[in-house]
Amino acid sequence: MEIQDRIIPISALNPYQHRWAIKARVTAKGDIRRYNNARGDGKVFSFDLLDSDGEIRATCFNAVLDRFYEIIEVGKVYLISKGSLKPAQKNFNHLKNEWKIFLEATSTIDLCPDEDASIPSQQFSFRPISEIEIAENNSIIDVIGIVTAVNPSVSIMRKNGMETQRRILNLKDQSGRSVELTLWGDFCNREGQNLQEMVDSGIFPVLAVKAGKVNDFSGKSIGTISSTQLFINLDSSEAQSLRIWFDRGGKNTTSQSISRDINPGGPKNEIRKTVSQIKDEGLGDQINQTGLL
DNA sequence: CCCCCCCC
């Protein structure tokens, strides 16, 4: 039987299904990770696959990685066959599939050169910002909003002593809430730089965040992780609807932030006084007595 | 068989 005749939907894959093939688009490609553990040295990479009704993550190691890493390109469609299906671990893999594919020496991956319009380029499950307020800490979510403010990139010393870049921006949507999005590492000077230039010149772009991580330090915020993807001015109905909402008045409506202030001590503290003014007016006395100051 | 994802 030809490979083409064995094509099944991704949603039909399971460990008991042998001699399968899938036809799927690569929606994300991870970097090569090197590891060293009790089993020895190794390298691994993963990529995400989407067909017209399902998604799954594929992973390969070492020699198999050497065969496939260069072939895999985001956006392209492939015919993939053979490999073992293992349970997906939800703490590492947010895709809507209870299985993942481990590619093996007998696996095949062949590029389908013809464009297949039946397979979308990405699949999103956007959550309104108001819902992120009640999302579980560390959960992985998709969100779309208008970028209303972008802070500069700053250098952050991580707890492990490694330096990295951080850039915080603000997202607002039609739910009446806004949220902080923290970009890390390369996102800061790639998409982050681009977004800053747009906002600086008065353009407030739509930003779609695929696979952002919910953080619950001082309210709820979202941070990028290695599998996060950012899409500026995405071509989609959700983006279009946000654009229209913002341009027709959403721009001037106030949103309640579900995060701490982007500028601590900024707009919220309208009345600013010097320490001597505070002492003169006895403003701190009551607080001092409660032991809060 | 990897699996870290950061700062206050």
Side-chain angles (χ1 to χ4, degrees), chain A residues 15 28-49 56-69 72 82-95 97-107 135-143 150-170 179-192 209-230 257-266 268:
Chain A
K29 177 182 180 180
D31 294 327
I32 297 176
R33 291 174 46 81
R34 290 171 195 282
Y35 60 90
N36 178 290
N37 60 23
R39 292 162 166 268
D41 285 336
K43 54 185 177 180
V44 59
F45 99 106
S46 293
F47 54 99
D48 294 347
L49 293 163
I56 194 163
R57 178 160 296 171
T59 298
C60 48
F61 293 84
N62 304 314
V64 183
L65 177 154
D66 290 335
R67 276 177 62 211
F68 296 138
Y69 184 76
I72 293 299
K82 301 199 184 91
S84 54
L85 275 291
K86 299 277 169 69
Q89 294 171 74
K90 287 296 159 190
N91 39 337
F92 302 123
N93 178 349
H94 64 282
L95 301 187
N97 200 313
E98 58 176 309
W99 309 107
K100 61 180 175 180
I101 300 171
F102 275 25
L103 296 166
E104 295 162 341
T106 54
S107 300
E136 202 180 323
N137 189 33
N138 294 328
S139 57
I140 307 291
I141 52 107
D142 299 343
V143 65
V150 181
N151 281 5
S153 271
V154 294
S155 268
I156 295 286
M157 189 60 80
R158 294 169 53 183
K159 282 167 185 159
N160 68 5
M162 299 282 283
E163 201 173 321
T164 188
Q165 294 294 109
R166 185 199 70 187
R167 191 198 278 273
I168 297 174
L169 51 85
N170 239 26
V179 66
E180 273 186 11
L181 171 67
T182 304
L183 307 185
W184 292 100
D186 291 340
F187 285 114
C188 296
N189 298 323
R190 219 169 42 216
E191 291 91 339
V209 181
K210 170 116 180 126
K213 188 177 180 184
V214 174
N215 190 303
D216 73 352
F217 176 80
S218 175
K220 286 275 168 52
S221 61
I222 303 161
T224 63
I225 56 175
S226 60
S227 54
T228 300
Q229 290 171 288
L230 300 178
S257 179
I258 66 166
S259 313
R260 64 161 180 186
D261 271 350
I262 194 161
N263 292 314
K268 255 191 181 169

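Naming: A, B, ... by sequence-line order, numbering from 1 per chain. The structure displayed is predicted, hence computed values, not measured ones.
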With a non-hydrogen cut-off below 4.0 angstrom, is [X] in contact with a base, only sugar-phosphate, or nothing?
X	answer
A:Lys43	nothing
A:Lys100	base
A:Thr228	nothing
A:Phe102	base

Nearest to side-chain heavy atoms of A:Ser46, which nucleotide of B:dC7, B:dC6, B:dC2: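 Minimum distance to the A:Ser46 side chain belongs to B:dC2.
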
Side chain of A:Ser226 (C-beta onward), nearest among B:dC6, B:dC1, B:dC5: B:dC5

A:Ser84 and A:Glu104: side chain donor to acceptor below 3.5 Å: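 Yes, a side-chain donor-acceptor pair sits under 3.5 Å.
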
A:Ser221 versus A:Ser259, side-chain donor and acceptor atoms under 3.5 Å: no

Residue list, ring-ring contact (aromatic ring centres under 6.0 Å, His included) with A:Phe61, at least two apart or on another chain: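 In terms of ring-ring contact (aromatic ring centres under 6.0 Å, His included), with neighbours along the sequence ignored, A:Phe61 is linked to A:Phe102.
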
Phosphate OP1/OP2 of B:dC3: any A:Asn91 side-chain N/O under 4.0 Å: no

Ion pair check, A:Lys43 and A:Asp66, cut-off under 4.0 Å: yes

Aro-ring/base stack A:Phe92-B:dC3, d under 5.5 Å, angle under 30°: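 One would call A:Phe92 stacked on the B:dC3 base.
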
Ring-on-base stacking B:dC2 with A:Phe61 (under 5.5 Å, under 30°): no

A:Arg190 to A:Phe187, cation-pi by 6.0 Å centre distance and 45° axis angle: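 Yes, A:Arg190 sits over the ring of A:Phe187.
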
Any residue of residues 209-220 of chain A with a heavy atom less than 4.0 Å from an atom of DNA chain B: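 Residues of residues 209-220 of chain A under 4.0 Å from DNA chain B: A:Lys213, A:Phe217.
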
Polar pair under 3.5 Å, donor/acceptor by atom type, side chain A:Thr59, base B:dC1: no

Distance-only donor-acceptor test (3.5 Å): side chain A:Arg34, base B:dC2: no

Value in whole Å for how far the C1' atom of B:dC3 lies from CG of A:Asp48: 14 Å

Over 12 non-hydrogen atoms of neighbours within 6.0 angstrom of CE in A:Met157: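 Above 12, so yes.
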
